[in-house]
Chemist: 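I have a structure I would like to understand better, so I am pasting it below and will then ask my questions one at a time.
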Amino acid sequence: MPELPEVETVVRDLRPAVVGRRVVAVRHGAKRLRRPWDPAWNDAVAGRQVGGIRRRGKWIVVELQTPPPNPLPRGGRGDRTNHPVLVPPPPAGEGVRGWGLFPNPRLVVHLGMTGQLTAAPAADPEPDHLHLTFALSGGTELRFRDVRRFGSATLYPDEAAVEAGFGDLGPEPFGLDTGYFRNALAGTARNLKAVLLDQSIVAGVGNIYADEACSLAGLHPGRRADALTRAEADRLRESVEAVLTAAIAGRGSTIRDYVGGSGLRGEFQLAHRVYGRTGEPCGTCATAIECVRLAGRSSHYCPACQPDSPRRARKAQRSPG
DNA sequence: TCGGCCCTGGGG
DNA sequence: CCCCAGGGCCGA
């Protein structure tokens, strides 16, 4: 479900709802996700404070930290010793070791196809397919729900481990270096669709926005990447950035399951040019949108605006419309 | 580099 | 019943 714009919307929604709060308790379901949740992680998380939340590609990183000591009441120094320490100590038993092994815990979440990460009042009824619940101070719960269980939630001990976990994840698509993108395209015989879906080339683009970017760029998604001219490659890079920016502004696309961090659906599906519009008239030239299978995924395009060969592309370039 | 697979549910 | 679905990983 969620590509970069959806994940970005989740993160922006969650930030004001969770940052600064402490994790009071962790609950997890029995069914395993892509990566099973290790129950030992509960102790590493409980008592910590949410320091921040951010996005990387389609991944969500929740930054946890050891909460600072409570501010001491003003007044005489006597208070300093008498005041009870309200910061909960690490859980008993192996808890001390649990905190020690996770100095700067990072909760890394991937939403897969149907994952939902939301902040909700603890009093709200629990939905079905709920796999993880973080009860936060102030009565808010951070909930991870996922019908198909292609998503995952993993705890890493620190930033270095997160980076290692990301492996060869490519750069963010915003402000992407022109030369880098040209070279990436020139270096492979795969089609544009496959390249745009490849997270090691650019992070965050999925099936919807790959199609939308090709449409915006006027390029057939089946074109060989290494056959693009420099101008075409640059146009594609700009189109990826433009469509993602517009989609974030529209709070992402809800086809079926996607909701943002506050449970709201996206709006950008209403602005799709080609995705999910097979048979409908192209908004530019009224030709019927077509759908083919590329890189194992449904791929939508306008056969008139997105010519399938470089030769026809050059022709269309000379006489647009 | 590609297909199959992991899952559940909705629609034809 | 069949096929389809915002993704990623693993093995041929």
Side-chain angles (χ1 to χ4, degrees), chain A residues 1-11 29-37 55-60 108-118 127-131 144-154 165-170 173 184-185 187-215 221-222 224-226 240 243-244 246-248 250-261 264-279 291-300:
Chain A
M1 100 191 213
E3 308 180 26
L4 186 151
E6 291 75 32
V7 176
E8 179 66 26
T9 302
V10 168
V11 165
K31 291 192 172 179
R32 64 166 284 162
L33 303 165
R34 171 175 287 281
R35 298 269 314 268
W37 177 263
R55 178 195 59 73
R56 174 80 172 90
K58 301 176 191 173
W59 299 85
I60 298 166
V108 176
V109 175
H110 196 289
L111 300 178
M113 292 280 262
T114 54
Q116 301 174 337
L117 191 66
T118 58
D128 56 356
H129 300 108
L130 184 65
H131 299 106
F144 181 49
R145 172 175 189 267
D146 187 356
V147 171
R148 289 177 72 182
R149 288 188 277 133
F150 286 175
S152 67
T154 308
F166 284 152
D168 63 350
L169 188 63
L185 293 174
T188 179
R190 297 140 83 201
N191 60 45
L192 297 182
K193 185 62 178 278
V195 171
L196 289 174
L197 291 177
D198 186 339
Q199 302 298 296
S200 74
I201 293 178
V202 177
V205 178
N207 205 36
I208 293 176
Y209 301 108
D211 282 4
E212 293 297 312
C214 286
S215 166
R224 266 180 67 141
D226 59 6
V240 167
V243 77
L244 294 177
I248 290 170
R251 297 185 47 81
S253 304
T254 296
I255 305 303
R256 172 169 291 160
D257 302 286
Y258 167 72
V259 295
L264 263 52
R265 296 161 63 85
E267 307 285 346
F268 193 71
Q269 67 279 2
L270 303 172
H272 288 177
R273 300 161 53 95
V274 290
Y275 184 85
R277 299 203 176 282
T278 309
C291 181
V292 294
R293 201 120 194 121
L294 292 171
R297 319 291 296 275
S298 295
S299 304
H300 313 72

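To find a chain, count down the sequence lines: A is the first, B the second, and so on, and within it residues start at 1. Computed from heavy atoms alone, side chains included, the values below leave out hydrogens, waters and symmetry copies. Since the structure is predicted, the reported quantities are computational estimates derived from the model, not experimental observations.
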Chemist: For atom P, what is the distance between B:dG9 and C:dG8, given to the nearest Å?
Modeler: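 The same atom, P, in both gives a distance of 22 Å.
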Chemist: Let me know the distance between NZ of A:Lys58 and C1' of C:dC9, rounded to the nearest Å.
Modeler: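 Computing the A:Lys58:NZ to C:dC9:C1' distance gives 13 Å.
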Chemist: Taking C-beta and beyond as the side chain, do A:Val205 and A:Leu244 meet within less than 4.5 Å on heavy atoms?
Modeler: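 Result yes, sub-4.5 Å side-chain heavy-atom pair found.
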Chemist: Rounding to a whole Å, what distance do you find between A:Trp59:CH2 and C:dC9:C1'?
Modeler: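 Computing the A:Trp59:CH2 to C:dC9:C1' distance gives 10 Å.
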Chemist: From the options A:Val10, A:Leu111, A:Thr114, select the one residue that forms a side-chain contact (heavy atoms from CB on, under 4.5 Å) with A:Tyr258.
Modeler: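 Filter result, single survivor: A:Val10.
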Chemist: Can you tell me, in whole Å, how much space there is between the P of B:dG3 and that of C:dC4?
Modeler: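 Pairwise P distance, B:dG3 against C:dC4, rounds to 14 Å.
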Chemist: Let's test your reading of the pairing rules: Watson-Crick or G-U wobble, both distances under 3.5 Å, then write DNA chain B as a dot-bracket string with ( ), [ ], | and dots.
Modeler: ||||||.|||||
Chemist: Can you list everything that forms a side-chain contact (heavy atoms from CB on, under 4.5 Å) with A:Ala225? Sequence neighbours excluded, please.
Modeler: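 Per chain and number, A:Ala225 pairs via side-chain contact (heavy atoms from CB on, under 4.5 Å) with A:Leu185, A:Thr188, A:Leu192, A:Val195.
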Chemist: Specify the residue among A:Arg34 and A:Asp128 whose closest nucleotide of DNA chain B lies further upstream toward the 5′ end.
Modeler: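 Its nucleotide being nearer the 5' end, the pick is A:Arg34.
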Chemist: What's the CG-P distance between A:Asp168 and C:dG8, to the nearest Å?
Modeler: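 These atoms are roughly 12 Å apart.
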Chemist: With a non-hydrogen cut-off below 4.0 angstrom, is A:Gly206 in contact with a base, only sugar-phosphate, or nothing?
Modeler: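 Answer is sugar-phosphate: A:Gly206 comes under 4.0 Å of backbone atoms only.
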Chemist: Under 4.0 Å, counting only non-hydrogen atoms across every strand here, what does A:Tyr275 touch: a base, just sugar-phosphate, or nothing?
Modeler: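 Contact class for A:Tyr275: sugar-phosphate only.
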Chemist: Quick check for you: among B:dG11, B:dT1, C:dC9, whose closest atom lies nearest to any side-chain atom of A:Arg256?
Modeler: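 Taking heavy atoms from C-beta onward, the closest nucleotide is B:dG11.
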Chemist: Side chain to side chain contact (heavy atoms under 4.5 Å, CB included), that's the test. Do A:His272 and A:Ile208 meet it? Break it down for me.
Modeler: CA-CA 9 Å; A:His272 288 177; A:Ile208 293 176; 3.6 Å; yes
Chemist: Could you state the interatomic distance from CG (A:Asp198) to CZ (A:Arg190), rounded to the nearest 0.5 Å?
Modeler: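 Between A:Asp198 CG and A:Arg190 CZ, I get 4.5 Å after rounding to 0.5 Å.
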Chemist: Can you tell me if A:Glu212 uses its side chain to pair, donor with acceptor, with the backbone of A:Val274 under 3.5 Å?
Modeler: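 At least one qualifying donor-acceptor pair exists.
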Chemist: Please report the distance, rounded to the nearest Å, between CG in A:Leu169 and P in C:dG8.
Modeler: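 Computing the A:Leu169:CG to C:dG8:P distance gives 9 Å.
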Chemist: Classify the ring geometry of A:Trp59 against A:His110: parallel below 30°, tilted from 30° to 60°, perpendicular beyond 60°.
Modeler: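 Taking A:His110 first and then A:Trp59, their aromatic rings stand perpendicular (interplane angle over 60°).
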Chemist: Would you mind telling me which of A:Ile60, A:Leu117, A:Val109 makes a side-chain contact (heavy atoms from CB on, under 4.5 Å) with A:Val11?
Modeler: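 Going through A:Ile60, A:Leu117, A:Val109 one by one, the side-chain contact (heavy atoms from CB on, under 4.5 Å) with A:Val11 is satisfied by A:Ile60 alone.
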Chemist: From the options B:dC7, C:dG7, C:dG8, select the nucleotide whose nearest atom is closest to the side chain of A:Gln199.
Modeler: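 Looking only at heavy atoms from C-beta outward on A:Gln199, the closest nucleotide is C:dG8.
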Chemist: Can you tell me how far CZ of A:Phe268 sits from CG of A:Leu270, rounded to the nearest 0.5 angstrom?
Modeler: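 Going from the CG atom of A:Leu270 to the CZ atom of A:Phe268 covers 9.5 Å.
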Chemist: Between A:Ser152 and C:dC9, does any side-chain N or O lie under 4.0 Å from OP1 or OP2?
Modeler: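 The answer is no; no side-chain N or O of A:Ser152 sits under 4.0 Å from OP1 or OP2.
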Chemist: Would you say C:dA5 has OP1 or OP2 under 4.0 Å from some side-chain N or O of A:Arg293?
Modeler: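 Answer yes for this pair, as a side-chain N or O of A:Arg293 is under 4.0 Å from OP1 or OP2.
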Chemist: Could you give the CG-to-C1' distance, from A:Asp211 to C:dG7, as a whole number of Å?
Modeler: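 From A:Asp211 CG to C:dG7 C1': 15 Å.
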Chemist: Quick one: which of B:dT8, B:dC2, C:dG7 gets closest to the side chain of A:Asn207?
Modeler: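 It is C:dG7.
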Chemist: Roughly, in whole Å, what's the span from NE2 in A:His129 to C1' in B:dG10?
Modeler: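 Taking atom C1' of B:dG10 as the reference, NE2 of A:His129 is at 13 Å.
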Chemist: Taking atom types as they are modelled, would you say the side chain of A:Arg148 forms a donor-acceptor pair with the base of B:dC7 within the 3.5 Å cutoff?
Modeler: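 By the distance-only test, yes, there is a pair.
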Chemist: With the side chain of A:Arg297 defined as its heavy atoms from C-beta on, choose the nearest nucleotide among B:dT8, C:dG7, C:dC9.
Modeler: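 The answer is C:dG7, which lies nearest to the side chain.
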Chemist: So what does A:Ser200 touch, heavy atoms closer than 4.0 Å: a base, only the sugar-phosphate, or nothing?
Modeler: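 Contact class for A:Ser200: none.
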Chemist: Expressed in angstrom and rounded to an integer, what is the separation of A:Asp146 atom CG from C:dG8 atom C1'?
Modeler: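 Rounding to the nearest Å, CG of A:Asp146 and C1' of C:dG8 are 13 Å apart.
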Chemist: When you compare the ring of A:Phe150 with the six-membered ring of C:dG7's base, are the centres less than 5.5 Å apart and the planes under 30° from each other?
Modeler: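 So yes, this residue stacks on that base, both cut-offs being met.
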Chemist: According to a strict under-4.0 Å criterion, is A:His110 in side-chain N/O contact with OP1 or OP2 of C:dG7?
Modeler: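 It does not, given that no N or O in the side chain of A:His110 lies less than 4.0 Å from OP1 or OP2 of C:dG7.
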Chemist: For B:dC5 versus C:dC2, give the span between their P atoms, rounded off to a whole number of Å.
Modeler: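 So the two P atoms sit 15 Å from each other.
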Chemist: In this structure, how many angstroms lie between the C1' atom of B:dG10 and the CG atom of A:Asp257, rounded?
Modeler: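 Interatomic distance, CG of A:Asp257 to C1' of B:dG10: 10 Å.
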